[in-house]
Undergrad: 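Take a look at this one; I'll ask things after.
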Amino acid sequence: PRMIRPFRVRLMDFFQRSLRDPSRFEWDFLKASLLNNMPWYRDRWYRLRKMRARQWYDFDSMQDLPEKFVYYPLHYSPESSINTPAPYFIDQMRTVDAIRHAMPSDYTLIVKDHPDALLVRRKGLMDKIRRSSGVRVIHSSISGRELILRSALTISVTGTSTLEAFLLGKPSLTLGNMFVSKYFGGVTPLLGLDRRMREAIKSPPTDEAVIHAVAEIMTLSRPFSVFGLGMPGDPVFTENNIHNLFQALLENIHARHPRRAS
């Protein structure tokens with residue numbers, strides 16, 4: 001808390017930035033920021049939204065699921081993991097439409113909302129998803145891991161559910177660029193989505209491919225803290241943590257671009 005400026009000051013800065021550049025203003029971002037800065041209101045609003053969200057679900061349990069389905073977990077948004085690398089898919093209805101039109105006709109698209117998104121998710125989006133043919137919505141409390149294991153294919157824009165599926169030996173595809181996309185055959189273009197879906201369903205990752213990917217990632221990994229502001233000792237800003245982060249960055253640059261690094 002001692003490292004955070006007063007809420008009033010941050011709010012004024014937000015509006016000043018928005019006035020200087022109106023294109024940066026987003027209602028969803030403002031809403032999420034206000035909720036995060038008012039925990040007493042956020043918690044009450046979350047409980048209310050959780051009760052109202054029951055009408056959004058077609059399925060409440062795994063037993064109700066169809067035999068053949070593709071799994072798409074909705075992203076929490078606004079969030080840098082999708083807003084920055086794949087802004088086209090901020091409107092997640094685009095993703096749902098792309099998947100349902102490209103998947104084999106005898107499959108169902110199962111959509112699960114992010115549990116934390118109940119605070120910011122617009123009801124209109126969920127209504128559109130439920131009205132879409134070939135799409136069903138499952139309760140947000142259902143285990144994502146179980147859905148991955150039961151599904152024929154997991155698709156996300158840049159979500160880590162695809163990495164989880166890969167590690168479990170299940171097919172997965174990404175529509176946006178993330179650090180593990182190359183292990184799934186690279187970013188999947190919309191024009192080739194139908195072909196890539198059929199290929200992925202028929203060819204789940206082998207144990208050898210998973211082991212190779214994990215070994216390659218761990219070879220270029222180093223321990224450092226990226227979260228923890230306000231925690232005792234402020235671990236992010238310790239000299240040792242900054243050194244580890246900087247060293248990891250240099251090693252990655254050298255491994256990917258040895259001539260430039262030298």
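Predicted model only: the values in this text are computed from it and were never measured.
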Undergrad: Going by side-chain hydrogen bond (donor to acceptor under 3.5 Å, both in side chains), Glu199 matches just one of Arg196, Lys202, Arg195. Which one?
TA: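 Answer after filtering Arg196, Lys202, Arg195: Arg195.
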
Undergrad: Is the shortest heavy-atom distance from the side chain of Arg100 to the side chain of Ser133 under 4.5 Å?
TA: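 Yes; the side chains approach each other to less than 4.5 Å.
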
Undergrad: May I ask you to decide if Asn177's main-chain N or O and Ser181's side chain share a donor-acceptor pair within less than 3.5 Å?
TA: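 Flag not set: sc Ser181 to bb Asn177 has no pair under 3.5 Å.
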
Undergrad: Check this for me, if you would: do Asp127 and Arg130 make a salt bridge, where the nitrogen-to-carboxylate-oxygen distance has to be below 4.0 angstrom?
TA: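 Result for this pair is no, no salt bridge flagged.
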
Undergrad: Can you confirm whether Thr162 sits close enough to Ile155 that some side-chain heavy atom of one is under 4.5 Å from a side-chain heavy atom of the other?
TA: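 They are not in contact (no side-chain heavy atoms under 4.5 Å apart), so the answer is no.
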
Undergrad: Indicate the atoms forming the closest heavy-atom contact of Met62 with Leu147, along with that distance.
TA: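 Closest approach of Met62 to Leu147, heavy atoms only: SD-CD2, 3.7 Å.
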
Undergrad: For the backbone of Leu74 and the side chain of Gln92, can you confirm whether one donor and one acceptor N or O come within less than 3.5 Å of each other?
TA: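 Not at all, since once roles are kept as given, no pair shorter than 3.5 Å links the two residues.
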
Undergrad: Write down the atom of Phe89, the atom of Ile82, and the distance for their closest heavy-atom approach.
TA: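 Heavy atoms of Phe89 and Ile82 come nearest at O-CD1, 3.6 Å.
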
Undergrad: Between Val137 and Met103, is there a shared hydrophobic cluster once you connect ILVMFWY residues whose side-chain heavy atoms come closer than 4.5 Å?
TA: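 In one cluster: yes.
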
Undergrad: Give the C-alpha distance, both sets of side-chain angles, the deciding distance and a yes or no for side-chain contact (heavy atoms from CB on, under 4.5 Å) between Ile148 and Tyr71.
TA: CA-CA 7 Å; Ile148 289 171; Tyr71 172 48; 3.9 Å; yes

Undergrad: I need the Leu153 CG to Ile201 CD1 distance, nearest 0.5 Å.
TA: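 Interatomic distance, Leu153 CG to Ile201 CD1, rounded to 0.5 Å: 5.0 Å.
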
Undergrad: Any chance CZ of Arg145 has more than 12 other-residue heavy atoms, nucleotides or ligands included, within less than 6.0 Å?
TA: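 No, because the 6.0 Å sphere around CZ of Arg145 holds 12 heavy atoms or fewer from other groups.
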
Undergrad: Verify side-chain contact (heavy atoms from CB on, under 4.5 Å) between Ile138 and Asp58, making sure each step is shown before the conclusion.
TA: CA-CA 6 Å; Ile138 195 166; Asp58 297 302; over 6 Å; no

Undergrad: Does NZ or CZ of Arg94 fall inside the cone over Tyr88's six-membered ring, less than 6.0 Å from its centre and within 45° of the axis?
TA: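 Output yes; distance and angle both within limits.
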
Undergrad: Considering all heavy atoms of both residues, which atom of Ser161 and which atom of Thr154 are nearest to each other, and what is their separation?
TA: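 Closest approach of Ser161 to Thr154: OG-CG2, 4.0 Å.
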
Undergrad: Answer with yes or no whether the hydrophobic clustering places Ile211 together with Leu168; edges join I, L, V, M, F, W, Y residues whose side-chain heavy atoms lie under 4.5 Å apart.
TA: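 No, because Ile211 and Leu168 fall into different hydrophobic clusters, even though each may have its own neighbours under 4.5 Å.
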
Undergrad: Can you find a pair of side-chain heavy atoms, one from Val187 and one from Leu175, that are under 4.5 Å apart?
TA: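 The answer is no; the side chains never approach within 4.5 Å.
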
Undergrad: My understanding is that only one of Ile217, Val214, Val210, Leu163 makes a side chain to side chain contact (heavy atoms under 4.5 Å, CB included) with Tyr183; could you say which?
TA: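 Only one option passes, and that is Ile217.
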
Undergrad: Is the closest side-chain heavy-atom distance between Met93 and Ile129 below 4.5 Å?
TA: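 They are in contact (side-chain heavy atoms under 4.5 Å apart), so the answer is yes.
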
Undergrad: Could you check whether any side-chain heavy atom of Tyr72 comes within less than 4.5 Å of a side-chain heavy atom of Thr95, counting everything from C-beta outward?
TA: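 Sidechains of Thr95 and Tyr72: in contact.
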
Undergrad: For the CG atom of Leu149 and the CD atom of Glu164, what is their distance to the nearest 0.5 Å?
TA: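 Here the interatomic distance stands at 8.0 Å.
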
Undergrad: Say you draw a straight line from NE2 of His139 to NZ of Lys112; how long is it, rounded to the nearest 0.5 Å?
TA: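 So the gap between those two atoms works out to 10.0 Å.
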
Undergrad: Distance-only, no hydrogens or angles: does the Asn241 side chain make a donor-acceptor pair with backbone N or O of Ser225 under 3.5 Å?
TA: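 Yes.
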
Undergrad: Going by atom types only, do Ser140 and His114 share a side-chain donor-acceptor pair under 3.5 Å?
TA: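 Side-chain D/A pair, Ser140 to His114: absent.
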
Undergrad: Hey, is the main chain of Phe59 close enough, under 3.5 Å, to the side chain of Asp64 for a donor-acceptor pair?
TA: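 Pair absent, no side-chain N/O of Asp64 close to backbone of Phe59.
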
Undergrad: State plainly whether the residues Lys182 and Glu216 are in salt-bridge range, i.e. N to O under 4.0 Å.
TA: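 Salt bridge between Lys182 and Glu216, a charged N being under 4.0 Å from a carboxylate O: yes.
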
Undergrad: Compare all side-chain heavy atoms of Leu173 with those of Met197 and state whether any distance is below 4.5 angstrom.
TA: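 Leu173 vs Met197: side chains touch.
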
Undergrad: Looking at every non-hydrogen atom in both residues, tell me the closest pair between Ser151 and Lys170 and how far apart they are.
TA: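 Scanning both residues, the minimum pair turns out to be O-NZ, 2.9 Å.
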
Undergrad: Out of curiosity, Asp21 CG to Gln16 CD, how far, rounded to the nearest 0.5 Å?
TA: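 The CD atom of Gln16 is 14.0 Å from CG of Asp21, to the nearest 0.5 Å.
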
Undergrad: I need the Met178 CE to Phe184 CZ distance, nearest 0.5 Å.
TA: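 Answer rounded to 0.5 Å: 6.5 Å.
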
Undergrad: Are Val70 and Ile99 side-chain neighbours, meaning at least one heavy-atom pair lies under 4.5 Å?
TA: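 Touching, per the 4.5 Å side-chain cut-off.
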
Undergrad: Please round to the nearest 0.5 Å and tell me the distance separating atom CZ of Arg8 and atom CG of Asp13.
TA: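 Those atoms lie 10.5 Å apart.
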
Undergrad: Between the side chains of Arg150 and Glu146, is the shortest nitrogen-to-carboxylate-oxygen separation below 4.0 Å, so that they form an ion pair?
TA: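 No.
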
Undergrad: So, for Phe166 and Ala213, which heavy atoms are closest and what is the spacing to 0.1 Å?
TA: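 That would be CE2-CB, 3.6 Å.
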
Undergrad: If you group Ile, Leu, Val, Met, Phe, Trp and Tyr by side-chain heavy-atom gaps below 4.5 Å, do Val111 and Tyr107 land in one group?
TA: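 Yes, Val111 and Tyr107 fall within the same hydrophobic cluster.
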
Undergrad: Would you kindly confirm whether Ile142 and Phe69 end up in one hydrophobic cluster when ILVMFWY residues are joined by side chain heavy atoms under 4.5 Å apart?
TA: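 Result: yes, single cluster for both.
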
Undergrad: Could you report the tightest heavy-atom contact between Pro171 and Ala152, atom names first, then the distance?
TA: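 Residues Pro171 and Ala152, closest heavy atoms: CG-O, 3.4 Å.
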
Undergrad: Given 3.5 Å as the limit, does a donor-acceptor pair link the side chain of Thr158 with the main chain of Ser81, or not?
TA: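 Pair found, side chain donor or acceptor close to backbone of Ser81.
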
Undergrad: Please determine whether residues Val96 and Leu125 belong to a single hydrophobic cluster, defined as Ile, Leu, Val, Met, Phe, Trp and Tyr linked transitively by side-chain heavy-atom distances below 4.5 Å.
TA: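 Same hydrophobic cluster.
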
Undergrad: Do Thr108 and Lys68 have side chains that get closer than 4.5 Å, going by heavy atoms?
TA: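 No. Closest side-chain heavy atoms not under 4.5 Å.
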
